[in-house]
There are 2 protein chains.
Amino acid sequence: MATDAEPISPMMRRIQSRRKRILTVARELLLQHGYYGMTMDAVASATGYPKGTIYLQFGCKEDVILALAAECLDRRLAMIRRAITYPGKTRARAVAVGEAVSLFARLRPDDSRIIHIATGPIREKGEASRLDAVRRRESETVAVLHGLLTEAMRDGELVFKGDATVEEMAFGLCALIEGGYTLIEGGFPEHTLGIEAPILEMWWIFNRLADAYGWRPYFREWDWEETLADVRRNLFPVEAQLVYGEGCWYGDMGPKHPGARRRF
Amino acid sequence: MATDAEPISPMMRRIQSRRKRILTVARELLLQHGYYGMTMDAVASATGYPKGTIYLQFGCKEDVILALAAECLDRRLAMIRRAITYPGKTRARAVAVGEAVSLFARLRPDDSRIIHIATGPIREKGEASRLDAVRRRESETVAVLHGLLTEAMRDGELVFKGDATVEEMAFGLCALIEGGYTLIEGGFPEHTLGIEAPILEMWWIFNRLADAYGWRPYFREWDWEETLADVRRNLFPVEAQLVYGEGCWYGDMGPKHPGARRRF
DNA sequence: TCCCAAAACTGACGAAACGTCGTTTTTCGC
DNA sequence: GCGAAAAACGACGTTTCGTCAGTTTTGGGA
């Protein structure tokens with residue numbers, strides 16, 4: 001969509017590579033020294049490009065950060081899009097999406113942090129088009145979930161208990177994810193609630209909510225541990241191994257012996 | 001707790017009043033011109049105090065904003081604390097808390113915005129003690145909810161269906177609130193999902209989740225509309241009137257005729 | 001191959017905001 | 001009423017952002 005026709009020109013190519021290098025260096029500085037520590041002069045001297053050259057590509061410092069955030073959101077979106085292709089029941093695909101988000105958070109804490117930074121007042125100053133780029137990616141995430149729910153309903157797997165709407169449920173799930181990871185970022189689950197594995201807790205909460213809305217098969221009707229293992233094995237083999245380590249495909253779902261597994 | 005012994009000294013008094021005035025003016029500027037538009041020089045000239053005097057009280061610009069956020073969080077906390085005193089079933093008190101948060105969001109959008117601003121990279125620069133002040137108030141909110149759930153369980157009103165923990169549920173509810181209002185702030189429910197009354201949707205989601213965990217009385221077992229009306233009438237008469245208008249105590253729960261009311 | 005207009009590059013410079021500090025004024029105990 | 005200590009003050013130094021006038025590079029036609 002956004003890929004402009006030909007970057008064939010040698011001039012274009014140089015500009016592209018420079019753009020890439022600026023972002024790489026800026027990211028490094030942002031992560032190392034924070035928002036206030038990432039100065040444009042530092043970016044200039046670290047890249048070796050003069051400041052004027054950098055300002056040819058990015059209108060202001062905040063634009064650089066928004067561009068970085070867009071990259072991070074792209075990586076997350078790519079994982080979510082891969083998850084949504086998981087073959088099988090719609091609820092299993094939702095599990096895959098959840099696992100994608102979870103893996104992303106653990107595998108790329110730096111990306112998560114940048115996404116969070118780009119949520120602050122930075123948006124006040126960024127160019128409109130940069131902001132749109134970020135917003136579009138955020139919307140896309142919501143849209144993917146919304147699409148899955150719509151499909152689930154069409155296929156008769158999601159049959160609301162009582163009155164509800166797909167939009168309501170999508171909003172609920174997105175809020176849960178958004179808020180959950182914000183709280184985790186701030187360390188609240190651990191400090192205030194004494195929760196040791198907050199991401200695992202989110203797994204349980206998700207299943208409660210899915211059951212509550214009437215998404216079949218229910219938690220008790222299916223071997224979700226196997227589904228999760230399958231998602232990790234077949235959809236995210238590299239990522240899962242990096243996060244959970246060799247052979248530990250079940251590591252994140254709590255105690256392994258079925259008797260100790262949670263039920264509801 | 002944090003109220004220092006005596007502000008009796010006339011000197012102290014002057015300092016306090018000045019501190020207050022600085023915050024008032026800074027708030028105005030922050031809301032009007034955003035983070036980048038609120039300059040310390042502007043605060044100085046608008047208050048009439050020289051810059052040096054302002055820097056006697058606040059170490060840096062970010063400290064001023066954190067102090068503003070602490071005030072906003074205090075106001076929200078006060079409403080939540082009032083809500084928790086609602087006499088009756090624990091789940092009804094949870095409804096009161098939810099209504100407190102909802103009223104706050106509608107009644108004080110400016111406060112909500114400031115709380116949001118104080119979530120960004122501003123924290124990188126603020127003094128540790130200021131940051132602690134904000135964090136303490138955030139924790140307190142979580143603690144109130146956690147306490148209510150604990151009480152509910154002790155009284156036998158909250159009996160988990162299957163395995164769950166109070167902490168898990170508290171985390172879920174907090175995530176929902178946190179994420180929900182973040183999404184609302186960004187306009188997502190409206191733009192991406194076409195939701196017209198997102199706060200109302202959160203009401204439904206909350207009830208789903210409370211039912212799912214086994215919090216009695218269930219949604220279908222109780223006249224929650226009456227509870228909500230009672231909360232508005234007796235706990236937040238002024239606030240509810242400001243938000244919903246004269247006599248419209250039921251305005252936010254959707255269609256008024258019972259037949260059209262949602263059920264599950 | 002050379003030339004020249006257009007595009008891209010450069011870094012010194014100006015502006016704006018932050019935060020400080022030496023001087024002046026006020027406070028308060030005696 | 002006196003003097004030391006605390007507070008007030010605002011001009012000044014510093015940092016960082018963002019620009020722009022002058023210079024270099026590019027690319028295509030004679």
Side-chain angles (χ1 to χ4, degrees), chain A residues 4 6-22 25-26 29-30 32-68 117 120-128 130, chain B residues 4 6-22 25-26 29-30 32-68 117 120-128 130:
Chain A
D4 281 4
E6 328 90 304
I8 326 175
S9 145
M11 194 68 227
M12 287 286 181
R13 210 166 263 294
R14 263 188 51 195
I15 289 178
Q16 277 304 316
S17 97
R18 183 154 41 208
R19 179 193 144 80
K20 207 164 192 169
R21 182 162 163 67
I22 291 169
V25 168
L29 288 170
L30 180 61
Q32 207 149 36
H33 301 114
Y35 170 71
Y36 297 99
M38 184 201 113
T39 69
M40 293 302 264
D41 291 85
V43 173
S45 83
T47 52
Y49 304 137
K51 221 156 35 141
T53 300
I54 292 170
Y55 275 97
L56 283 177
Q57 310 234 1
F58 299 96
C60 63
K61 172 177 166 174
E62 284 68 27
D63 277 354
V64 177
I65 295 174
L66 286 175
L68 285 173
I117 289 175
I122 284 170
R123 303 200 174 188
E124 285 175 16
K125 231 185 157 190
E127 209 169 282
R130 299 265 177 209
Chain B
D4 280 4
E6 327 91 304
I8 325 177
S9 146
M11 192 70 229
M12 288 285 182
R13 211 165 262 297
R14 263 189 52 196
I15 289 177
Q16 277 306 316
S17 96
R18 182 153 42 208
R19 181 193 141 80
K20 206 162 190 169
R21 182 161 163 66
I22 291 168
V25 168
L29 289 170
L30 180 61
Q32 207 149 36
H33 302 113
Y35 170 72
Y36 297 99
M38 184 200 113
T39 71
M40 292 303 264
D41 290 270
V43 173
S45 83
T47 53
Y49 305 137
K51 223 160 28 144
T53 300
I54 291 170
Y55 274 96
L56 284 176
Q57 310 234 1
F58 300 95
C60 64
K61 171 176 167 175
E62 283 70 25
D63 277 353
V64 178
I65 295 174
L66 286 175
L68 285 173
I117 289 175
I122 283 170
R123 303 200 175 189
E124 285 176 17
K125 230 184 159 191
E127 211 169 281
R130 300 265 176 210

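As a basis for the values below, the full set of heavy atoms in this structure was taken, side chains included, without hydrogen atoms, waters or symmetry mates. Order of the sequence lines sets the chain letters (A, B, ...), proteins ahead of strands, with each chain counted from 1.
Contacts with DNA chain D (heavy atom under 4.0 Å) in residues 42-49 of chain B: none are found.
A:V43 is not listed as a side-chain neighbour of A:V64, based on a closest heavy-atom distance of 4.5 Å or more.
Atoms CZ and CD, on A:R18 and A:Q16 in that order, are 10.5 Å from each other to the nearest 0.5 Å. Note that CE of A:M38 is 7.0 Å distant from CG of A:L68, once rounded to the nearest 0.5 Å.
At the phosphate of D:dT26, OP1 or OP2 sits under 4.0 Å from a side-chain N or O atom of A:R14.
Here the P atom of nucleotide D:dC17 and the CD atom of A:E124 are 17 Å apart, to the nearest Å. Rounded to whole angstrom, the span from the OH atom of B:Y36 across to the C1' atom of C:dA15 amounts to 18 Å. The separation between B:Y35 atom OH and D:dC17 atom P is 12 Å, rounded to whole Å. Rounded to whole Å, atom P of C:dT10 lies 9 Å from atom CG of A:L56. The interatomic distance linking B:R19 (CZ) with D:dA7 (P) rounds to 15 Å, in whole Å. Between B:M38 atom CE and C:dA16 atom P the separation is 19 Å, expressed in whole Å. Across the protein-nucleic acid pair, A:M12 atom CE and D:dT26 atom C1' stand 13 Å apart, rounded to whole Å. Spacing between atom CG of A:L29 and atom P of D:dC17 amounts to 11 Å, rounded to whole angstrom units.
Shown here are the side-chain hydrogen bond (donor to acceptor under 3.5 Å, both in side chains) partners of A:Y35, two or more places apart in sequence or in another chain: A:E62, B:Y36. A:A46 is linked by a side-chain contact (heavy atoms from CB on, under 4.5 Å) to A:V25, counting only residues two or more places apart in sequence or in another chain. Here A:E127 pairs with A:S129 under the side-chain hydrogen bond (donor to acceptor under 3.5 Å, both in side chains) rule; sequence neighbours left out.
When heavy atoms are screened at a 4.0 angstrom cut-off, A:T39 is found touching the sugar-phosphate backbone but no base atom.
Taking both residues in full, the closest heavy atoms of B:I117 and A:P121 are given as CG2-CG, 4.0 Å, listed atom of the first, atom of the second, then distance.
With respect to A:R130, the side chain to side chain contact (heavy atoms under 4.5 Å, CB included) criterion is satisfied by exactly one of A:I122, A:L66, A:I65: A:L66.
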Please set out all donor-acceptor pairs under 3.5 angstrom arising from side-chain atoms of residues 50-59 of chain A, sequence neighbours excluded.
unit_1, atom_1, unit_2, atom_2, d
A:K51, NZ, A:D41, OD2, 3.4
A:Q57, NE2, A:I15, O, 3.4

Tabulated below should be each protein N or O lying under 3.5 Å from an N or O of nucleotides 18-23 of chain D; please produce it.
unit_1, atom_1, unit_2, atom_2, d
D:dG18, OP1, A:K125, NZ, 3.1
D:dG18, OP2, A:Y55, OH, 3.0
D:dG18, OP2, A:K61, N, 3.2
D:dG18, N7, A:K51, NZ, 2.9
D:dG18, O6, A:K51, NZ, 2.7

